[in-house]
Each structure stands twice: as C-alpha cells, then as structure tokens.
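Side-chain atoms are counted along with the backbone in the values below, which use heavy atoms only and exclude waters and symmetry mates. Model, not experiment: these values are computed from the prediction.
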Amino acid sequence: MRSASPSPEDILRQLFDAAVGSALPTECIPRHLPPPPDGRTIVVGAGKAAAAMAQAVEDNWNGPLSGLVITRYGHALPCRRIEVAEAGHPVPDQAGADATRRLLRLVDDADEDDLVICLISGGGSALLAAPPPGVSLADEQQVVRSLLRCGATIAELNCVRKHLSLVKGGRLATVASPARLVTLVISDVPGDDVSTIASGPTVPDPTTSAQAIAILSKYDLAVPHSVLSWLGAPASETPKPRDLPSGDVRMIATPQLAIEAAARLAAELGYMPVILGSAIEGEAREVATMHAGIARQIRAFGQPAAPPCVLLSGGETSVTVRGAGRGGRNAEFLLSLAIGLDGMAGVFALAADTDGIDGTEDNAGAIIGPDILSRVSPPSTAARCLAQNDGYGYFERAGALLFTGPTFTNVNDFRAILIDPPAEVGGR
C-alpha cells in the first residue's frame with residue numbers, strides 16, 4: 001500500500017527543519033574549534049544559541065575548561081563546566097547586567113597564555129547588558145524599547161546599543177587582551193556583518209557615536225538626557241579598526257547556508273527552489289507584498305520558475321508598531337502575504353524565526369494555505385488585524401500558528417512559499 005504524499009504544510013515544515021538543522025551548534029561547532037592553549041581555556045558568550053554552543057564546546061574539548069555564557073530565558077541547556085545564565089530579550093534586564101559583570105571579570109583575569117573562546121549568536125545585544133557611567137539600565141531599556149517599536153533596522157538598533165555599552169562594539173576584546181581570542185559566530189543579520197551580530201563585542205566597530213545620535217534623531221525618539229550626554233562624550237566612542245585587530249573570527253553558520261540546505265531538500269521533494277535572497281530587509285508587510293507579486297507571476301506565467309516550485313528567502317524585516325496587537329515580524333509578513341494572495345489556489349507559505357520565537361511571542365511563526373482568509377469571520381478581519389499589528393491574534397483564531405519551542409540556534413527569519421501547478425490544485 002502506497003503511503004500518502006506529504007501535505008504542502010508538512011513539506012514547508014520539513015524545509016524549515018532542514019534550515020534550522022544546518023545551523024545547530026552540534027553540527028557546526030566541532031570543526032571550528034582551535035587547539036588548546038598552554039594556559040587556561042575560558043569560554044564566554046551570549047545569544048539565543050549560547051547554551052547549545054557551550055554544550056557543543058564541552059562535548060568536543062580535550063582539556064580544562066571554564067566560563068560563562070548568557071542566553072535568553074527558556075534557552076538554557078545543562079553544561080558541566082561552563083556556567084549558563086539566563087536573561088531578558090529583546091530588552092535587557094538586571095539578570096543580564098549581573099551576568100555580564102561576571103563575564104567581564106572572567107576575561108579581565110586572562111593572560112597571554114590563556115585562550116578565550118567567545119560564542120556569539122543572535123540575541124547577544126540584549127543579553128550583554130553593561131550600561132556606561134551615568135546611564136542606568138532603565139535608561140537603556142527605554143531607548144531599546146523605542147527603537148524596537150519605531151521600525152529601526154537591526155543595524156541601526158545595534159549602532160545605538162554599541163555606543164551605550166561597556167562590552168559591545170569591540171570592548172569585550174579590549175578587556176580580554178592579552179589573551180588569545182577566538183570568536184565563533186552564528187549569524188542572524190543580513191549580510192553576516194560580524195560587527196552587527198550581537199553588536200560585535202569582539203571586533204572593531206565601524207560606526208560612530210555621531211551616527212547613533214543621528215539614528216535617535218531620525219526616528220524623533222524621546223530619550224533620557226543621560227543617554228544624549230554620554231553619546232556626546234569622547235568616552236562613548238567604540239574601538240575602531242585602527243585601534244583593535246580583527247582577531248580570529250570564524251563564521252560557523254549563516255542564513256545563506258540555512259536557505260541552501262532547505263533548497264537542497266526542496267529539490268529532492270520535486271520542487272524547484274528559487275532563492276530570492278538571504279538578506280532581505282524592509283517593512284514586513286511591504287516585503288510580503290513583493291513576495292505575493294512573485295507568486296502571482298509564477299502562477300500566471302511560469303516566471304521566474306514554473307510550478308511546482310518554492311520561493312525561499314531570509315533576512316530580518318522590521319515592523320513599525322502602530323496598533324496594540326500581538327505578533328512578531330513573521331506573523332506580520334504572513335498576514336500581509338495572505339491578503340496579497342487573496343486565496344490564490346495552490347499557494348502555501350511558512351514564515352518563522354529560526355530561533356523558535358517570533359518577536360516576543362511564544363510561536364516561531366505560522367503556516368498558511370489558500371483557505372486562510374476564510375478561517376476567520378468576517379472577511380475584513382485580516383485587514384483590521386494587520387492595521388493593529390495583530391498577526392498573532394489572527395493566526396491564533398485561524399489555528400495556523402507554528403510552535404517549535406527554542407531551537408537553540410538562530411540564523412534569522414526563514415520564509416518559504418510553496419506553489420503547486422494548476423493541474424494539482426484540484427486534488428488538494
């Protein structure tokens with residue numbers, strides 16, 4: 001008896017799992033580890049994947065080991081020799097500030113015979129919390145919340161974060177000197193800019209305090225006087241390429257590699273993969289409109305590929321929050337996509353964050369099909385929810401949310417739009 005063919009929703013989930021699986025620390029850490037030093041090996045780091053990365057280092061390291069990594073609440077894993085601390089994300093909290101102080105003490109004690117392995121992944125900007133003199137944690141929290149709501153890009157957000165920190169923007173590397181420093185990075189930012197990932201704590205920073213002030217001005221944000229005072233002071237400037245060697249930085253997982261893993265699986269399943277890009281930015285709802293237009297072109301004219309095919313993309317969109325709804329950028333993208341497709345037959349889509357958390361919610365994202373706009377009445381509900389930034393609320397009512405729990409990696413957003421040929425649509 002022949003087994004039933006997987007549904008489009010099942011295929012989309014398989015593609016997501018392939019992307020995530022390619023970026024798991026157990027897969028990519030071992031081959032990038034440096035040889036042991038003459039002195040101590042100290043492991044530090046921060047990010048949503050930090051605990052999994054620390055665990056992979058422990059499992060593949062011969063010799064003494066100690067250290068501390070900071071991860072988001074709910075993302076901890078048991079380690080034997082490396083302490084794992086949990087803290088707030090995307091807004092820093094006191095737990096993160098306390099753990100960062102302990103982390104800085106560890107590397108400050110390192111000498112030239114020691115090796116510091118720094119494990120960096122997305123989310124580290126919030127988890128490494130070390131406000132400068134005169135700026136309180138509450139001040140930093142206010143600035144971060146404002147930037148998150150105004151639609152600032154991740155590069156803009158992290159430019160400001162770097163100049164409001166004693167650990168980010170290369171400052172961790174200066175504290176760790178003269179020890180040998182090796183940084184292992186899982187990228188979650190468009191273009192894999194290592195100075196932006198977790199706000200680049202171990203690499204020189206090409207941005208300036210003046211740029212940080214300009215970003216705050218661009219979005220007309222009301223910020224504490226202490227923040228502007230610090231940013232106007234010479235001490236706020238981060239180490240530049242002329243001041244700090246680039247060091248030994250190893251990019252071990254990226255959005256592009258994750259999308260390529262999904263593309264290989266798609267081809268095996270009989271779908272022509274079309275990679276639109278792994279570094280797509282912009283307002284989530286506008287990026288969705290573009291994706292919907294490409295899907296329509298494929299269904300109508302077989303361009304740029306004929307069905308069956310799958311559109312794959314990654315990157316980090318943004319959401320300008322105007323309403324009081326719930327939902328991250330992937331829910332916003334999918335709700336706008338659903339409106340743009342307007343029930344088009346044979347088109348199914350998944351959008352999810354590869355860390356398992358879409359924004360600040362408990363879902364990774366959602367999966368939609370041609371019937372998604374008919375699942376919630378009245379028909380105007382979708383547009384109303386989009387206007388309120390309430391993608392989560394809509395997909396919760398539609399039963400379309402995707403829950404994965406923490407994945408223990410993070411290569412940013414993953415989007416897949418599966419397009420069946422017209423001949424197959426009637427059999428769905």
Between Arg180 and Asp248, is there a side-chain N and carboxylate O pair less than 4.0 Å apart?
-> yes
Presence of salt bridge, Asp59 and Arg80, under 4.0 angstrom | yes
Sorted by chain and number, sequence neighbours left out, side-chain contact (heavy atoms from CB on, under 4.5 Å) with Val84 holds for Ala51, Val69, Thr71, Ala76, Cys79
Where do Pro239 and Thr174 come nearest, in terms of heavy atoms and distance?
-> CG-CG2, 4.0 Å
Can you list every pair that meets salt bridge (Lys or Arg N to Asp or Glu O under 4.0 Å) and has a residue in residues 112-123, with sequence neighbours left out?
-> Arg40-Asp114
Among Thr153, Val160, Asn158, which residue meets the side-chain contact (heavy atoms from CB on, under 4.5 Å) test with Leu147?
-> Val160
List for me each residue that meets salt bridge (Lys or Arg N to Asp or Glu O under 4.0 Å) alongside Glu361, sequence neighbours excluded, and say none if there are none.
-> Arg326
Among all residues two or more places apart in sequence or in another chain, which pass the side chain to side chain donor-acceptor pair (under 3.5 Å) test with Ser121?
-> none
Under the side chain to side chain donor-acceptor pair (under 3.5 Å) rule, collect the residues that match up with Arg145, sequence neighbours excluded.
-> none
Taking 4.0 angstrom as the limit, do Asp220 and Lys218 come out as a salt bridge?
-> no
Give a yes or no answer on whether the side chain of Gln142 reaches the backbone of Ala222 with a donor-acceptor pair at less than 3.5 Å.
-> yes
Donor-acceptor contact present, side-chain Asp93 to main-chain Gly96, <3.5 Å = yes
Hey, could you give me each pair passing side-chain hydrogen bond (donor to acceptor under 3.5 Å, both in side chains) that has a residue in residues 16-32? Not counting sequence neighbours.
-> Arg13-Asp17
When rounded to the nearest 0.5 angstrom, what is the spacing between CG in Leu77 and CD in Gln55?
-> 5.0 Å
Taking atom types as modelled and ignoring hydrogens, do the side chains of Ser199 and Ser125 form a donor-acceptor contact shorter than 3.5 angstrom?
-> yes
Any chance you could lay out the side chain to side chain donor-acceptor pair (under 3.5 Å) test for Asp139 and Ser226, step after step, and finish with the verdict?
-> CA-CA 8 Å; Asp139 293 338; Ser226 62; 2.6 Å; yes
Applying side-chain contact (heavy atoms from CB on, under 4.5 Å), name anything that partners Arg264, two or more places apart in sequence or on another chain.
-> Glu260, Ala261
Inter-residue atom distance Cys159.SG - Ile154.CD1, 0.5 Å rounding = 11.5 Å
Using side chain to side chain donor-acceptor pair (under 3.5 Å) as the criterion, list what pairs up with Asp362, not counting sequence neighbours.
-> Tyr392
Do you see a donor-acceptor pair shorter than 3.5 Å between the side chains of Glu237 and His163?
-> yes
Report yes or no: does Arg72 contribute a side-chain atom to a donor-acceptor pair with the main-chain N or O of Glu86 at less than 3.5 Å?
-> no
Looking at CD1 of Ile357 and OG1 of Thr404, how far apart are the two atoms once the value is rounded to the nearest 0.5 Å?
-> 6.5 Å
Residues Ala338 and Ile368: closest non-hydrogen pair is CB-CD1, 4.0 Å
Do any N or O atoms from the side chain of Thr409 and from the backbone of Ala49 form a donor-acceptor pair under 3.5 angstrom?
-> no
Is there a donor-acceptor contact under 3.5 Å from the side chain of Ser374 to the main chain of Asp371?
-> yes
With Asp243, which residues qualify under salt bridge (Lys or Arg N to Asp or Glu O under 4.0 Å), at least two apart?
-> none
May I ask you to check whether over 12 heavy atoms, not counting those of Arg397, lie within 6.0 Å of atom CZ?
-> yes
Arg415 and Ser313: side chain donor to acceptor below 3.5 Å | yes
Judged by modelled atom types alone, do Thr320 and Glu283 share a side-chain donor-acceptor pair under 3.5 Å?
-> yes
With distance as the sole criterion, is a donor-acceptor pair present between the side chains of Asp413 and Asn330 under 3.5 Å?
-> yes
Excluding sequence neighbours, so at least two apart, what forms salt bridge (Lys or Arg N to Asp or Glu O under 4.0 Å) with Arg171?
-> none
Under 6.0 Å from the CG atom of Asn62, do we count more than 12 heavy atoms belonging to anything else shown?
-> no
Okay, side chain of Thr202, backbone of Thr183: is any donor-acceptor separation there less than 3.5 Å?
-> no
Assess whether side chain to side chain contact (heavy atoms under 4.5 Å, CB included) is satisfied between Leu418 and Val347, documenting all intermediate values.
-> CA-CA 6 Å; Leu418 203 68; Val347 181; over 6 Å; no
So CG of Leu128 and OG1 of Thr100: to nearest 0.5 Å the spacing works out to 5.0 Å
Which atom of Ala87 lies closest to which atom of Ile70, heavy atoms considered = CB-CG2, 3.9 Å
Calculate, to the nearest 0.5 Å, the distance between atoms CD1 and OG1 belonging to Ile186 and Thr254 respectively.
-> 10.5 Å
Stepwise side chain to side chain contact (heavy atoms under 4.5 Å, CB included) test for Leu334 and Ser336 = CA-CA 5 Å; Leu334 279 176; Ser336 179; over 6 Å; no
Spell out, as yes or no, whether a donor-acceptor pair under 3.5 Å connects the side chain of Glu332 to the backbone of Asn389.
-> no
Distance (rounded to the nearest 0.5 Å) between His75 NE2 and Lys48 NZ | 7.0 Å
Got a donor-acceptor contact below 3.5 angstrom from the Ser229 side chain to the His225 backbone?
-> no
Hey, does the Lys NZ or Arg CZ of Arg285 hover above the aromatic six-ring of Phe333, less than 6.0 Å from the centre and inside 45° of the axis?
-> no
Within the distance-only criterion (no hydrogens, no angle test), does the side chain of Asp358 pair as donor or acceptor with the backbone N or O of Ala331 below 3.5 angstrom?
-> yes
Result of checking Val274, Ile417, Leu15 against Val310 for side-chain contact (heavy atoms from CB on, under 4.5 Å) = Leu15
Residues which pass side-chain contact (heavy atoms from CB on, under 4.5 Å) with Ala263, listed by chain and number, not counting sequence neighbours | Pro273, Ile275, Leu312
Is any NZ, NE, NH1 or NH2 atom of the basic residue among Arg161 and Glu140 found under 4.0 Å from an Asp or Glu carboxylate oxygen of the other?
-> no
How far apart are the closest heavy atoms of Gly151 and Ser318, and which atoms are they?
-> O-OG, 3.6 Å
Look at atom CE of Met290 and say whether more than 12 heavy atoms of other residues, nucleotides or ligands are closer to it than 6.0 Å.
-> yes
So, His89 versus Tyr73, ring centres under 6.0 angstrom or not?
-> no
Pair Gln94, Asp98: side-chain N/O donor-acceptor within cut-off below 3.5 Å | yes
Trp230: which of Ser209, Ser236, Pro224 passes side-chain contact (heavy atoms from CB on, under 4.5 Å) | Ser236
Between Asp205 (side chain) and Thr238 (backbone), is there a donor-acceptor pair under 3.5 Å?
-> no
Just jot down the side chain to side chain donor-acceptor pair (under 3.5 Å) partners of Thr196, sequence neighbours excluded, or say none.
-> Asp193
